[in-house]
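In what follows, chains carry the letters A, B, and so on, assigned in the order in which the sequence lines appear, proteins first and then strands, with residues in each chain numbered from 1.
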Amino acid sequence: MDVLDEVFERVVKARIFRNRSVLSPDYIPDKLPHREREIRALGSIVAQALKGERPSNVFIYGLTGTGKTAVTLYVLRRLEAKAKELGAPVSYIYVNCRQRDTPYKVLAEIASTLDVRVPFTGLSTAEVYTRLVRRLKKLRGHVIVVVLDEIDWLVKRKGDDLLYKLTRIGYELGLDAAKVSIIGVTNDVKLVEMLDARVRSSLGEEEIVFPPYNAKQLEDILRERAELAFNPGVLEPDVIPFCAALAAREHGDARRALDLLRVAGELAEREGADKVTVEHVKRAWVEIERDRVREVVSTLPLHAKLVLLAVLELTAEGKRYTTTGELYDTYSNLASKLGIERVTQRRVSDIIAELDMLGVISARVVSRGRYGKTRMITLSADPKAVRDALSEDPLVRILLGAE
DNA sequence: AATCCACAGGAATGGTTGGCAG
DNA sequence: CTGCCAACCATTCCTGTGGATT
């Protein structure tokens, strides 16, 4: 038996998972524990579609992993099924604004779901919009619910013009076209303040708030899924409470909890263990963090990487935080060591904001009186993970090697 | 109570790149 | 091929501001 045989054997014999996909992030379960209130609320709003009416636009808030997306998709799938049963022309379109993070991409996504052919670049946004409207006119009598998930990513970067236009489609095309209603989903409660008053009032016809799960509720969710995902008896008794506790610490993020459980299972399976232990969960936590950081850092432009490296250096030993000015100096040094031009402080200010949004650093504005107003910047990701991720960039590695 | 630091962060604009339409 | 456009990074110029010090 050679090495590969051994590997294959091990995987085939592994009996950890019964159905791993149940734990994947886009799996929508049949039961959503502790979200009955939200399901009822959203259901009663979109139910209007079954009577051929345009449902009110809805604004959904809640932190990451509070079940917003799952509940929304769950309700809309059921709505579509019910509509089919009744012969009502109702459909929904789901767009994730984190993946489609510009007005053009969002419109193109909506249009192509409605069978309008759009190239992924080359047209003006206005052109895509008019093609979409033309299509909607052909769909007179239909009710279409558009879900814009994570719209904070769109609004913060590109403003709310698109939302304004989309909400106007719903109102102004009126009887001449399909009825369009919009469900906006956001993690950021403060987002509303950034919206134009007209958008705010039309999008906020209805509002649903998703509270975070507590540790107990997370346990319920995990148990429900674990039963489908794992073979009986492979989870040591402490595993689920431990996952729940870790995720509860992160503002009750159910997605995080499920990820933990899945990765812990994968680790156990990979090493041929017959049980998933708390130790696996601990390692899963580290691995998830490392992957997350690597993914974020790898797509960063060079100057953003240098800024991040500067943060890393400044917060390295003992010192817990740094400020914009100090960071800019350090960054400037790094740039000159590489012999490249530095960007302006204004730009670095934006880079700081971007890194903050990506969750790799955390920056909050503080006022230090006579000593000015600045941002207090801390590294919020694991330093080692950041360092490793940065060193994958050949240019940045020169700096890391030079120390 | 007024001042003033050290930036925050808005608005306008520019230079590239990649890609469609005709 | 030309004209046009979106997207992205970046610059310039700018007004705004919380609170320790004067």
Side-chain angles (χ1 to χ4, degrees), chain A residues 95-112 116-134 150-166 188 190-197 199 296-311 314 319 321-332 334-336 338-358 360-378 393 395-396:
Chain A
V95 183
N96 185 314
C97 302
R98 193 158 173 175
Q99 288 148 23
R100 320 252 175 248
D101 57 355
T102 64
Y104 185 92
K105 287 180 193 159
V106 171
L107 278 176
E109 176 78 6
I110 296 171
S112 67
V116 181
R117 208 191 72 82
V118 275
F120 59 91
T121 176
L123 292 187
S124 73
T125 307
E127 174 60 20
V128 179
Y129 183 79
T130 55
R131 288 186 190 186
L132 178 60
V133 169
R134 203 182 307 149
E150 307 194 74
I151 43 172
D152 30 336
W153 281 77
L154 182 64
V155 173
K156 279 184 195 158
R157 304 184 50 191
K158 307 287 159 173
D160 55 9
D161 299 3
L162 177 71
L163 289 182
Y164 178 64
K165 275 193 173 168
L166 283 178
D188 188 347
K190 286 177 297 180
L191 183 83
V192 220
E193 296 162 19
M194 298 173 63
L195 296 177
D196 181 282
V199 176
V296 165
V297 171
S298 66
T299 62
L300 249 33
L302 176 61
H303 290 285
K305 286 180 181 167
L306 293 181
V307 171
L308 184 56
L309 178 57
V311 177
L314 285 168
K319 248 180 75 180
Y321 72 95
T322 182
T323 61
T324 303
E326 195 180 36
L327 180 57
Y328 187 62
D329 288 343
T330 307
Y331 153 78
S332 300
L334 292 174
S336 76
L338 280 179
I340 58 177
E341 291 281 308
R342 62 181 186 181
V343 300
T344 56
Q345 180 162 308
R346 180 67 187 83
R347 176 64 190 141
V348 168
S349 175
D350 279 343
I351 290 174
I352 292 170
E354 282 158 28
L355 293 174
D356 181 50
M357 268 239 278
L358 292 167
V360 18
I361 67 175
S362 119
R364 36 177 264 265
V365 289
V366 289
S367 195
R368 295 176 306 171
R370 181 34 70 101
Y371 306 107
K373 194 176 159 190
T374 183
R375 273 138 134 183
M376 213 177 91
I377 300 159
T378 53
D393 183 299
L395 269 177
V396 178

Let me know the distance between [atom1] of [X] and [atom2] of [N], rounded to the nearest Å.
{"X": "A:E341", "N": "C:dA10", "atom1": "CD", "atom2": "P", "result": "12 Å"}
{"X": "A:W153", "N": "C:dA7", "atom1": "CH2", "atom2": "P", "result": "16 Å"}
{"X": "A:E354", "N": "B:dA8", "atom1": "CD", "atom2": "P", "result": "14 Å"}
{"X": "A:E326", "N": "B:dA8", "atom1": "CD", "atom2": "P", "result": "13 Å"}
{"X": "A:I352", "N": "B:dA6", "atom1": "CD1", "atom2": "P", "result": "16 Å"}
{"X": "A:R364", "N": "B:dG9", "atom1": "CZ", "atom2": "C1'", "result": "18 Å"}
{"X": "A:D329", "N": "B:dA6", "atom1": "CG", "atom2": "P", "result": "12 Å"}
{"X": "A:Q345", "N": "C:dT11", "atom1": "CD", "atom2": "P", "result": "12 Å"}

Nearest 0.5 angstrom please: [X] [atom1] to [Y] [atom2], how far?
{"X": "A:L314", "Y": "A:I377", "atom1": "CG", "atom2": "CD1", "answer": "9.0 Å"}
{"X": "A:Y321", "Y": "A:R375", "atom1": "OH", "atom2": "CZ", "answer": "15.5 Å"}
{"X": "A:D101", "Y": "A:I151", "atom1": "CG", "atom2": "CD1", "answer": "14.0 Å"}
{"X": "A:D329", "Y": "A:Q345", "atom1": "CG", "atom2": "CD", "answer": "8.5 Å"}
{"X": "A:K305", "Y": "A:L334", "atom1": "NZ", "atom2": "CG", "answer": "14.0 Å"}
{"X": "A:L308", "Y": "A:I361", "atom1": "CG", "atom2": "CD1", "answer": "7.5 Å"}

Note to self: Does A:R342 reach a base, just sugar-phosphate, or nothing at all? Heavy atoms under 4.0 Å.
What the structure shows: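 It contacts sugar-phosphate atoms only.
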Check: Which part of the nucleic acid, if any, lies within reach of A:E127 when heavy atoms closer than 4.0 Å are counted: base, sugar-phosphate only, or nothing?
Finding: nothing
Checklist line | Base-contact (B) and sugar-phosphate-only (S) positions in nucleotides 14-22 of chain C, heavy-atom cut-off under 4.0 Å, - elsewhere | finding: ---BBBBB-
Notebook entry, point to check: Can you give one letter per nucleotide of nucleotides 11-17 of chain B, going 5' to 3': B for a protein heavy atom under 4.0 Å from the base, S for sugar-phosphate only, - for none?
Noted result: -------
Next item on the list: Flag the pair A:E109 and A:K105 as a salt bridge only when some basic side-chain nitrogen lies within less than 4.0 angstrom of an acidic carboxylate oxygen.
Entry: no
Checklist line | Electrostatic pair A:E150-A:R100, nearest N-O below 4.0 angstrom | finding: no
Checklist line | Full working for side chain to side chain contact (heavy atoms under 4.5 Å, CB included) between A:L162 and A:T125 | finding: CA-CA 10 Å; A:L162 177 71; A:T125 307; 5.7 Å; no
Got a list of protein N/O to nucleotides 3-6 of chain C N/O distances below 3.5 Å?
{"unit_1": "C:dA6", "atom_1": "OP1", "unit_2": "A:T125", "atom_2": "N", "d": "3.1"}
{"unit_1": "C:dA6", "atom_1": "OP1", "unit_2": "A:T125", "atom_2": "OG1", "d": "3.4"}

Can you see if the side chain of [X] gets near the phosphate of [N] - specifically, an N or O under 4.0 Å from OP1 or OP2?
{"X": "A:H303", "N": "C:dA10", "result": "yes"}
{"X": "A:T323", "N": "B:dA6", "result": "no"}
{"X": "A:T344", "N": "C:dT11", "result": "yes"}

Notebook entry, point to check: Among B:dA8, C:dA7, C:dC9, which is the nearest nucleotide to the side chain of A:S349?
Noted result: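 Side chain of A:S349 sits closest to B:dA8.
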Notebook entry, point to check: When you measure from the side chain of A:D101, which nucleotide among B:dG9, C:dC8, C:dA10 comes out closest?
Noted result: C:dC8
Next item on the list: Kindly determine whether A:L300 and A:L355 satisfy side chain to side chain contact (heavy atoms under 4.5 Å, CB included), including the steps that lead there.
Entry: CA-CA 9 Å; A:L300 249 33; A:L355 293 174; 3.7 Å; yes
Note to self: When the axes are fitted on five pairs at both termini, how much does the helix from B:dA1-C:dT22 to B:dG22-C:dC1 curve, in 10° steps?
What the structure shows: 20°
Next item on the list: Please answer whether the main-chain N or O of A:V343 pairs with a side-chain N or O of A:Y331 as donor and acceptor at a distance below 3.5 Å.
Entry: yes
Margin query: I'd like to know whether A:V118 forms a side chain to side chain contact (heavy atoms under 4.5 Å, CB included) with A:L107, so could you lay out the CA-CA distance, the side-chain angles of the two residues, the decisive distance to 0.1 Å, and finally the verdict.
Written below: CA-CA 9 Å; A:V118 275; A:L107 278 176; over 6 Å; no
Item checked: Non-neighbouring partners of A:E326 that pass side-chain hydrogen bond (donor to acceptor under 3.5 Å, both in side chains), sequence neighbours left out -> A:K319, A:T322
Check: Which heavy atom of A:L327 sits nearest a heavy atom of A:V307, and at what distance?
Finding: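 The pair with the smallest heavy-atom distance is CD1-O, 3.8 Å.
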Checklist line | Test side chain to side chain contact (heavy atoms under 4.5 Å, CB included) applied to A:R346 - qualifying residues, sequence neighbours left out | finding: A:T344, A:S349, A:D350
